[in-house]
Each structure stands twice: as structure tokens, then as C-alpha cells.
Protein chains: 2
Amino acid sequence: MSFVEETVGYMIRRVQERMFAAFHRRFADSGLTPAAYATLATIDRNPGVRQGRIAEELGLQNSNMVNLIKSLVERGFVERHRSASDNRVFTLTLSSAGKLFIEKMNERALALDAEYTRSLSDEERRTLIELLGKMITDPQ
Amino acid sequence: MSFVEETVGYMIRRVQERMFAAFHRRFADSGLTPAAYATLATIDRNPGVRQGRIAEELGLQNSNMVNLIKSLVERGFVERHRSASDNRVFTLTLSSAGKLFIEKMNERALALDAEYTRSLSDEERRTLIELLGKMITDPQ
DNA sequence: TATTGTTATACTCTATAACTATA
DNA sequence: TATAGTTATAGAGTATAACAATA
């Protein structure tokens, strides 16, 4: 219907919208936004990471991390401690409740990902991730 | 750094953010948002289309089309006429100024698309669009 | 009774700038 | 002088519900 359908930009936007909606359907009862989930998953893999580093890695704004982290702490999933070596820094780790929680959420994320890539074969899904990875790691 | 990097959902979000920023850099002086550009491109290919149909096609909200169309009309790019057969409907066409404008914007969109897919070969770019297309056309 | 388009509004995500405390 | 984190705020994009006019 329009030649925008032949551009990557438009197609990505459409797919992203659908995935966003699907995420909120699947994670509605979890109280997690995509950013909050990605933050938890990053802390899980990198215990002791500081919040500014997570923001850099995930492409989030540092200022927007504050309330995000605060809510994760209040829910008992994340622990914040002052760094011993640098008193400006808060190091972040998962509590045992947080570890249990992220395990369940990881399962859910994988199921969700399988759901909205169900029209792709396993190989196509891998190819898609690989091509998107090339675009992201391109220094621009 | 996190296993979210192995999910399509996360990778799409990251790519989309970069493309969004690149769009605004390239189209800053045009006064077009991605939705406005896609709307113009759709009217160009489908003269006489009604605005609700564009919203459906592009995944936009009908209520959000109102101001979008209004600004395109005010800028002299789009003409709105009552449909002869159904008095509820406005048919949309491009003015000659709108046709000149969309041609330039199409060139710009293609250049932009080439820019942020520059880390991909032509074949990879085609593959990417094909895989995204499969996901979009999946009835879900 | 359903559909097209409109209005008003609210919510989420993201961006920016000024601030503090520490280095 | 630079960095980590905070606060407050503004903006864009999107979503929802109620409405008028027309079918």
C-alpha cells in the first residue's frame, strides 16, 4: 500500500509495536516494563554492576534509572550497597527473591519471544538476531 | 552482558531506538514525524484513500490521525474532500506541492535506510525485510 | 445499529538541564 | 575538573472513551 513497506525503518517500527503490546499482555501481572525486565536480567548476569553502567548498556537514560531501580528495591528484588572503593557508586545485586523472580521472568520472556517469532524457523530467528546485532554494533 | 541480547524483542527495541533518532536527525527540517511521512507516502500511492484506512494500514490510532492530517492540509500537501458516495468520509489526495514534497522525502527515507543498514549487504538487507514481513503478516 | 471522524484527555517512555556528593 | 547519581520537568507517541454526523 505504500513504499515505506520496503524500508527497514518502517518494518522495524511495526514489529516493535506488536512486540511491545505482546510484552505488556504477557508481563501485565509482573509489574515489569521492558526496561525493568532488561535491568533485572542485566544485574542477574553482572552482580555488583552500577546503575549508570546498566543505563549505558541498555540505551536508557541515567535519570530514568532512578525510579526504576527504586521500585525494584522496594519490591525486594534488588539490593543497593555503596561501593567500598568509590563512595559515589551504588553496586546492585539481586536478592534471593530477585533471583527466583528473574528466573521465572526469563522463562516468560523466552516464551514470548518464541510466540511472536513463531512464523520464523529456528534458523530464520537466529539470522534475524544476527542481522539486528550487526546494525546495533555498527559504530554509526 | 545480559541474555536479553539473545531475544528478538530486545534487539528490535535497540535497533528501533537508533533508527528513530536517525530519522529525527535527517527529517528535522522537514517537520515530519515518522507517522506523518508514512501517511504522506500512503496517500501518494493510494489517491482518494480515507484517513481511517491509513490508520488501520499503518497501525496508528484514528484519533491521532486528526491533527496529523490537519497539519498536512495546512502545509498545503494534502487535500481533503467529502466522498461523493459516503458523506461521512473524507478522501485524501496529494496537492502538486505535496507530490513534489513526497518525492524528496522518499529519496531522503531511502538514503536514511541505506545509512542505518550500511553494516548489511544488499542481500542481508532484503533478508531482514523479508523476515520482518513474515512477523508482521502473521495473524498472531 | 454500525461506521467515520472528532474532541479531550491520560498515560508511558524518553530527553534535558540543573543540582549534590564524591573523585 | 570530571563522574555517579538525583530531581524536576517537558515532550513525543500512543491509547481510551464519549460524542456528532451519517450510513
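Quick note: numbers below take in every heavy atom, side chains included, and nothing from hydrogens, waters or symmetry partners. In this text, all values refer to a predicted model and were calculated from it rather than measured experimentally. Chain identifiers are assigned alphabetically (A, B, ...) following the order of the sequence lines, protein sequences preceding nucleic acid strands; residue numbering begins at 1 within each chain.
Using a 4.5 Å heavy-atom cutoff, the side chains of T39(A) and M65(A) are in contact. R80(B) places a side-chain heavy atom less than 4.5 Å from the side chain of I69(B). Counting heavy atoms from C-beta on, the side chains of V66(B) and Q51(B) come closer than 4.5 Å.
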Could you go through the side chain to side chain contact (heavy atoms under 4.5 Å, CB included) check for K134(B) and E124(A) one step at a time?
CA-CA 10 Å; K134(B) 279 193 184 183; E124(A) 284 173 330; 2.5 Å; yes

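Among residues two or more places apart in sequence or in another chain, the ring-ring contact (aromatic ring centres under 6.0 Å, His included) test is passed with Y10(A) by none.
Atom CD1 of I54(A) and atom C1' of dA4(D) are 13 Å apart (whole Å). Note: CZ (F23(B)) to C1' (dG13(D)) measures 13 Å, nearest angstrom. Between the CG atom of L68(A) and the P atom of dT7(D) there is a distance of 14 Å, given to the nearest Å.
In summary, R118(B) and D138(A) engage in a salt bridge, as defined by a charged side-chain N under 4.0 Å from a carboxylate O. The residues R14(B) and E5(B) are annotated as not salt-bridged, no charged nitrogen and carboxylate oxygen being separated by less than 4.0 angstrom. No salt bridge links K99(B) with E103(B); every basic N to acidic carboxylate O contact stays at or beyond 4.0 Å.
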Letter per nucleotide, 5' to 3', of nucleotides 4-14 of chain C [B base touched, S only sugar-phosphate touched, - untouched; heavy atoms, 4.0 Å]
SSBBB----SB

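Inter-axis angle, ends of the helix from dT1(C)-dA23(D) to dA23(C)-dT1(D), five pairs per end, rounded to 10 degrees: 0°.
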